[in-house]
*Asks:* 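Could you have a look at this structure, given as structure tokens, before my questions?
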Amino acid sequence: MDGAQEAQVAELRLSYRYAKEHPWVVHAVTGFLSAYFMEHPGFRVQRHFDELESGMHVWICEVPAGMTMPALLRRLQSDLPPCRWTQPATGTSLPTQYVIDAAE
């Protein structure tokens, strides 16, 4: 082992309801994640897709050790219309998920 910590994979999801209320947010999140890569080269988006079953937009992100998704989400929230994010419980084999949804 070379001592380097392994990057984690996380899913950033945008709810169908929030994306429908604010259609431009999908492009804003994509642009934010691209800019975040420029700021933190260890971070990258592996894939972006629309999940047909739920209607959610999903970004699969590679997050380097020492970086946290909650910190990224707090920065992102300041650029978006009012929203909240949650971290639903997932099975141990799935990547950690973070869902951005409309503020209640």
Side-chain angles (χ1 to χ4, degrees):
M1 182 174 220
D2 62 357
Q5 292 181 323
E6 201 170 302
Q8 300 294 315
V9 174
E11 287 185 7
L12 178 58
R13 297 171 158 264
L14 192 66
S15 76
Y16 173 78
R17 174 177 65 166
Y18 189 67
K20 188 174 179 181
E21 288 175 12
H22 310 285
W24 61 269
V25 167
V26 174
H27 297 292
V29 170
T30 300
F32 175 88
L33 294 175
S34 294
Y36 207 74
F37 166 75
M38 299 302 286
E39 211 174 292
H40 301 280
F43 175 85
R44 74 182 190 101
V45 175
Q46 294 178 345
R47 189 169 164 224
H48 172 222
F49 60 94
D50 298 336
E51 187 177 76
L52 296 178
E53 301 84 40
S54 66
M56 288 190 182
H57 289 271
V58 181
W59 292 265
I60 309 284
C61 303
E62 190 174 303
V63 184
M67 177 183 288
T68 66
M69 283 298 286
L72 178 148
L73 287 164
R74 281 190 297 276
R75 285 192 55 197
L76 179 59
Q77 257 183 315
S78 66
D79 293 336
L80 299 177
C83 63
R84 63 182 173 87
W85 61 269
T86 58
Q87 185 179 348
T90 58
T92 56
S93 64
L94 298 174
T96 305
Q97 294 181 357
Y98 298 90
V99 179
I100 297 174
D101 198 357
E104 302 278 358

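Note that these values count all heavy atoms, side chains included, but never hydrogens, waters or copies made by symmetry. Numbers here are sequence positions counted from 1.
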*Asks:* Please find the pair of heavy atoms, one from A28 and one from L80, that lie closest to each other, and give the distance.
*Replies:*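 The answer is CB-CD2, 4.3 Å.
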*Asks:* Starting from W24, can I reach L12 by hopping between I/L/V/M/F/W/Y residues whose side chains sit under 4.5 Å apart?
*Replies:*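 In one cluster with L12: W24, yes.
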*Asks:* Taking side chain to side chain contact (heavy atoms under 4.5 Å, CB included) as the definition, give me every residue that meets it alongside S34, ordered by chain and number, with sequence neighbours left out.
*Replies:*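 Listed in chain order: nothing, the list is empty.
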*Asks:* Determine the minimum heavy-atom distance between A19 and H57, stating which atoms define it.
*Replies:* CB-CD2, 4.0 Å
*Asks:* Which residue pairs satisfy the salt bridge (charged side-chain N to carboxylate O under 4.0 Å, His left out) criterion with at least one member in residues 33-45, sequence neighbours excluded?
*Replies:*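 As it turns out, the salt bridge (charged side-chain N to carboxylate O under 4.0 Å, His left out) pairs with a partner in residues 33-45, which skip direct neighbours, are E39-R75, R44-E62.
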*Asks:* Does any pair with a residue in residues 60-86 pass ring pair (Phe, Tyr, Trp, His ring centres under 6.0 Å), and if so which ones, sequence neighbours excluded?
*Replies:* W85-Y98
*Asks:* Does M69 reach the side chain of T96, with side-chain heavy atoms less than 4.5 Å apart?
*Replies:*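 No, their side chains stay 4.5 Å or more apart.
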*Asks:* Are L33 and I100 co-members of a hydrophobic cluster defined by side-chain heavy atoms under 4.5 Å apart?
*Replies:*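 Yes.
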*Asks:* If every non-hydrogen atom of V25 is compared with every non-hydrogen atom of P81, which pair is closest and at what distance?
*Replies:* CG2-CD, 3.8 Å
*Asks:* Heavy atoms only: give me the nearest V26-W59 pair and the separation to one decimal.
*Replies:* O-CZ2, 3.7 Å
*Asks:* Taking side chain to side chain contact (heavy atoms under 4.5 Å, CB included) as the definition, give me every residue that meets it alongside A35, ordered by chain and number, with sequence neighbours left out.
*Replies:*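 Here no residue qualifies.
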*Asks:* Applying side-chain hydrogen bond (donor to acceptor under 3.5 Å, both in side chains), name anything that partners E51, two or more places apart in sequence or on another chain.
*Replies:*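 Per chain and number, E51 pairs via side-chain hydrogen bond (donor to acceptor under 3.5 Å, both in side chains) with R13, S54.
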*Asks:* With a cut-off of 6.0 Å (strictly less than), are more than 12 heavy atoms of other residues, nucleotides or ligands near CD of Q8?
*Replies:*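 Atom CD in Q8 is not packed in, count stays at 12 or less.
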*Asks:* Not counting sequence neighbours, which residues clear side-chain hydrogen bond (donor to acceptor under 3.5 Å, both in side chains) with D79? List them please.
*Replies:* none
*Asks:* List in chain and number order the residues that pass ring pair (Phe, Tyr, Trp, His ring centres under 6.0 Å) with Y36, two or more places apart in sequence or in another chain; answer none if no residue qualifies.
*Replies:* F32, H40, F43
*Asks:* Heavy-atom distance under 4.5 Å between the side chains of V99 and M56, does that happen here?
*Replies:* yes
*Asks:* Any link between Y16 and F49 through a network of hydrophobic side chains (Ile, Leu, Val, Met, Phe, Trp, Tyr) touching at under 4.5 Å?
*Replies:*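 They do not share one cluster, since no chain of ILVMFWY contacts under 4.5 Å joins Y16 to F49.
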*Asks:* With sequence neighbours left out, write down each residue that passes side chain to side chain contact (heavy atoms under 4.5 Å, CB included) with R17, or none if nothing qualifies.
*Replies:*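 Checked R17 against side chain to side chain contact (heavy atoms under 4.5 Å, CB included); matches are S15, E21, R84, D101, A102, E104.
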*Asks:* Could you tell me which residues satisfy side-chain hydrogen bond (donor to acceptor under 3.5 Å, both in side chains) with T86, sequence neighbours excluded, listed by chain and number?
*Replies:*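 So T86 forms no side-chain hydrogen bond (donor to acceptor under 3.5 Å, both in side chains) with any residue.
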*Asks:* Are V45 and F37 close enough, and set up right, to give a side chain to side chain contact (heavy atoms under 4.5 Å, CB included), and what steps lead you there?
*Replies:* CA-CA 8 Å; V45 175; F37 166 75; over 6 Å; no
*Asks:* Give a yes or no on whether L14 and V58 share a hydrophobic cluster (residues Ile, Leu, Val, Met, Phe, Trp, Tyr; joining criterion: side-chain heavy atoms under 4.5 Å apart).
*Replies:* no
